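Here the structure is a predicted model, which means the values were calculated and not measured. In what follows, chains are A, B, ... by sequence order, proteins preceding strands, each numbered from 1.
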There are 2 protein chains.
Amino acid sequence: MGGTRSTDATRPTARTTARAEGRTGERRRVPTIHDVARVAGVSRGTVSRFLNGGHHVSAEAAEAVRSAIHSTGYVVNRHARSLITGRSGSVAFLLTEPQERFFEDPNFNVLLRGCTRALAEHDIPLLLMIAGTPEEQLRITRYIGAGHVDGVLLVSSHTGDPVAGQLAEAGIPVVACGKPAIGAGGAVPGAHVAADDREGARVMVRHLLDTGRRRIATVAGPQDTPGGVDRLLGYREVLAASGVPADEGLIAIGDYSRDSGERAVTELLARRPDLDAVFVASDLMARGALAALERAGRRVPEDVAVGGFDDSPAAVGSRPELTTIRQPWARISTEMVRVLMGRMAGEEPSAVILPTELVVRDSA
Amino acid sequence: MGGTRSTDATRPTARTTARAEGRTGERRRVPTIHDVARVAGVSRGTVSRFLNGGHHVSAEAAEAVRSAIHSTGYVVNRHARSLITGRSGSVAFLLTEPQERFFEDPNFNVLLRGCTRALAEHDIPLLLMIAGTPEEQLRITRYIGAGHVDGVLLVSSHTGDPVAGQLAEAGIPVVACGKPAIGAGGAVPGAHVAADDREGARVMVRHLLDTGRRRIATVAGPQDTPGGVDRLLGYREVLAASGVPADEGLIAIGDYSRDSGERAVTELLARRPDLDAVFVASDLMARGALAALERAGRRVPEDVAVGGFDDSPAAVGSRPELTTIRQPWARISTEMVRVLMGRMAGEEPSAVILPTELVVRDSA
DNA sequence: CTGAAAGCGCTTACAG
DNA sequence: CTGAAAGCGCTTACAG
């Protein structure tokens with residue numbers, strides 16, 4: 001804002017208001033649709049029609065409006081528009097992560113930036129919201145439920161997140177990043193976009209097998225996250241198919257943190273000293289695995305091959321650099337926005353599973 | 001939204017509209033101030049007064065409204081409010097960084113999260129905006145200039161950013177992260193919050209001196225950024241004060257990237273093989289420095305001490321772990337929001353310089 | 001302290 | 001194709 005609204009002689013009932021006056025004393029008046037109409041010599045309705053697709057507007061009228069918009073510097077007042085259309089014209093990027101793990105995850109940046117960009121192309125601002133605590137969740141679901149946002153890009157790694165359900169119940173289009181948990185009651189899964197975790201894990205374990213490894217351990221992710229479950233599943237599948245006997249002693253569970261990877265591999269080494277490879281379900285945990293192996297005097301990849309997952313910056317900062325599975329974060333964000341726009345236009349929820357890619361570096 | 005607005009018998013002119021009806025067919029009606037007024041048995045004006053501070057509202061009326069809000073589940077329609085107050089009730093977090101370096105910087109996460117949180121406490125949503133290209137800058141300054149946002153948290157590391165000036169000119173309260181460039185023409189510096197780069201550099205160089213180093217080199221940051229300039233300044237000051245002869249051959253310039261740090265130290269080593277310490281103006285560059293030193297067969301810290309800057313996650317992922325200067329990112333975000341709220345309330349621009357902290361680890 | 005009324009800037013049937 | 005008019009949900013002087 002930052003302007004003084006002056007009495008407009010052409011509007012008999014207009015009154016003088018001095019609100020939103022700039023601190024610095026400038027008195028710029030933000031032009032309205034009314035100004036554009038006056039300059040263009042048409043009615044406000046015509047300007048509005050021009051603004052909303054230009055249907056039922058003659059070529060001359062359109063041109064007059066176009067030039068009037070240019071000369072006045074008109075920008076639509078979204079509040080007025082939203083008030084009548086009932087749509088806010090904005091979308092929320094909602095993070096429901098108590099541990100705030102995502103903020104430590106470099107991939108999160110890529111995702112957030114990608115969504116911001118993709119939305120900007122539709123001229124839709126992104127509202128960043130963090131609902132870590134139950135109070136914040138309540139406040140935010142109320143806010144969103146009141147229609148202050150047309151759709152939600154939901155990021156939460158853990159299952160049992162009540163927010164997704166509440167939002168869906170309130171009729172808000174939602175698309176989640178990552179596979180949602182399959183509710184015990186068989187709740188319909190919402191729209192989501194995810195990397196193909198299972199196939200990614202398969203590819204990595206096959207790579208380990210192909211390079212001659214036979215005693216392949218794994219550090220799986222938390223088993224209350226779909227990603228954690230799927231990557232372990234992929235591991236089991238390939239081993240089963242390869243005829244290598246299943247060995248539960250080669251499986252350890254981490255929580256995606258570096259430390260948990262270090263602990264898990266230390267355990268694994270104690271249980272199965274003869275392991276010659278380990279598929280670690282995240283790069284961060286793989287960093288911990290590298291540390292544990294070094295401490296144990298094992299060379300990587302000579303003695304033990306290490307395969308990570310994510311292809312996060314952590315993958316290249318290590319020594320040796322990590323062979324890993326790249327998650328298509330840029331595409332995930334693009335697809336999330338695309339699916340959300342579809343939902344907002346009335347399409348049914350859909351799931352998009354994106355392929356991952358094996359990145360071979362030094363560790364395996 | 002997500003509801004059908006039905007004809008309201010108490011409002012003679014109300015019409016039936018079916019807009020914003022949920023895709024799933026539910027027909028929930030979002031309660032308005034009118035519903036609250038009816039339930040509470042007061043006028044809409046009274047409800048509004050209650051909502052806006054409760055002045056001129058009797059205790060009984062207040063109580064009736066409070067309970068009516070609760071029972072109806074009323075949430076204010078911000079668009080309607082904004083339309084009349086001329087304030088949007090939201091704030092932009094604006095990134096004007098062509099290189100998008102900030103998105104690779106883990107500190108950026110902390111900053112963004114901190115600002116989101118601090119704003120949420122005031123019940124103000126944060127709009128994330130990225131203006132990397134000139135076109136995006138134009139679109140965004142128009143958007144902001146039209147009053148769609150009450151204030152801007154500006155993040156841009158480079159000088160000569162035209163956005164800050166345009167925003168200020170449009171009368172939008174702005175507070176920048178980091179010291180703005182001192183314009184050649186002596187433009188008044190805007191509100192900003194920054195770490196004390198110069199003192200941080202001084203502390204590090206003193207630490208190097210105190211631990212017996214005498215041939216202290218530096219890899220400075222880009223000299224078109226205030227941080228780059230100030231950290232080099234601090235380095236020079238301490239050396240000058242210590243009586244160590246100034247040696248321009250000990251000074252190299254990087255661009256904050258890992259590679260540039262590696263290059264710079266390689267150069268430095270060629271020019272001054274007898275250097276026994278290097279103050280590197282960012283942890284990322286320091287990582288590169290470590291690599292260059294290792295390649296050159298110098299032990300850290302025995303042969304050469306390395307001091308970083310930032311205390312980013314890069315500082316602990318290295319071997320040896322980096323001794324560095326911690327930037328108070330959490331406080332920076334809190335202060336940015338505090339100063340911005342002040343600006344929005346009409347206060348004059350102010351600058352906040354926050355202290356840094358020496359974190360001693362293994363590299364120096 | 002409180003109600004009735006005007007009006008914020010826009011969109012959208014409704015008649016031409 | 002186009003204008004006049006109603007109305008979105010709220011706030012705010014203005015009278016009581």
Side-chain angles (χ1 to χ4, degrees), chain A residues 1 3 5 7-8 11-20 29-38 40-62 64-65 72 74-89 146-148, chain B residues 1 3 5 7-8 11-20 29-38 40-62 64-65 72 74-89 146-148:
Chain A
M1 293 290 120
R5 225 161 289 279
T7 301
D8 186 334
R11 255 180 309 174
T13 49
R15 65 177 170 179
T16 304
T17 49
R19 59 182 168 68
R29 203 178 75 87
V30 173
T32 72
I33 201 174
H34 186 261
D35 300 307
V36 176
R38 184 158 28 76
V42 300
S43 75
R44 307 207 298 267
T46 299
V47 176
S48 181
R49 268 174 236 119
F50 172 85
L51 257 21
N52 293 282
H55 303 303
H56 308 293
V57 178
S58 66
E60 305 97 285
V65 171
T72 56
Y74 173 76
V75 176
V76 68
N77 180 324
R78 294 196 179 212
H79 300 305
R81 172 180 286 175
S82 295
L83 182 55
I84 178 152
T85 62
R87 316 197 76 213
S88 74
H148 290 312
Chain B
M1 293 291 119
R5 226 160 287 278
T7 301
D8 186 333
R11 255 181 309 172
T13 48
R15 64 175 170 179
T16 304
T17 49
R19 62 183 167 66
R29 203 177 76 86
V30 172
T32 72
I33 201 173
H34 186 261
D35 300 306
V36 175
R38 184 158 29 76
V42 299
S43 75
R44 307 207 300 267
T46 298
V47 176
S48 181
R49 268 173 236 122
F50 172 85
L51 256 21
N52 293 282
H55 302 302
H56 306 293
V57 178
S58 66
E60 304 97 286
V65 171
T72 55
Y74 172 77
V75 177
V76 68
N77 181 324
R78 294 196 181 211
H79 300 306
R81 173 181 284 175
S82 295
L83 181 55
I84 178 155
T85 62
R87 317 196 76 211
S88 75
H148 290 312

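Of the candidate nucleotides dT2(D), dC10(D), dC10(C), dT2(D) has the atom lying nearest to any side-chain atom of Ala61(A). Set against dG3(C), dG3(D), dC10(D), the side chain of Arg44(B) has dC10(D) as its closest nucleotide. In this structure, of dC10(D), dT11(C), dC10(C), it is dT11(C) that holds the atom nearest to the side chain of Thr85(A). Side-chain atoms of Leu83(B) lie closest to dG9(C) of the nucleotides dG9(C), dG3(D), dT11(D).
Rounded to an integer number of Å, the gap from Arg38(A) CZ to dC10(C) P is 13 Å. We find that CD of Glu60(B) is positioned 7 Å from P of dT2(C), with the value rounded to whole Å. Atom pair Arg49(A):CZ and dC10(C):P shows a separation of 15 Å (rounding to whole Å applied).
As judged by a 4.0 angstrom heavy-atom cut-off over every strand, Thr46(A) is placed among residues touching the sugar-phosphate backbone only. At the heavy-atom level, Tyr74(B) lies under 4.0 Å from the strands shown only through sugar-phosphate atoms. Nucleic acid contact class of Ser58(A) (heavy atoms, under 4.0 Å, all strands): sugar-phosphate only.
For Asn77(B), no side-chain nitrogen or oxygen approaches OP1 or OP2 of dC10(D) to under 4.0 Å. Residue Ser48(A) places at least one side-chain N or O under 4.0 Å from the OP1 or OP2 atom of dT11(C).
Using N1 to N3 plus N6-O4 or O6-N4 for Watson-Crick, or N1-O2 and O6-N3 for G-U wobble, each under 3.5 Å, dA13(C) pairs with nothing. Of all nucleotides present, none satisfies the Watson-Crick or G-U wobble test against dA4(D) with each distance under 3.5 Å.
Atom name C1', nucleotides dT12(D) and dG16(D): the rounded distance is 16 Å, in whole Å. Using atom P as the reference point in both dT2(D) and dA6(D), the two lie 22 Å apart (nearest Å). Comparing the P positions of dA15(C) and dT11(C) gives an interatomic distance of 22 Å, to the nearest angstrom.
The heavy-atom pair separating Arg49(B) from His56(B) by the smallest distance is CD-O, 4.1 Å. Looking at every heavy atom in both residues, Tyr74(A) comes nearest to Thr32(A) through CE1-C, 3.4 Å.
Not one N or O on the side chain of Ser48(A) forms a donor-acceptor pair closer than 3.5 Å with the backbone of Arg44(A).
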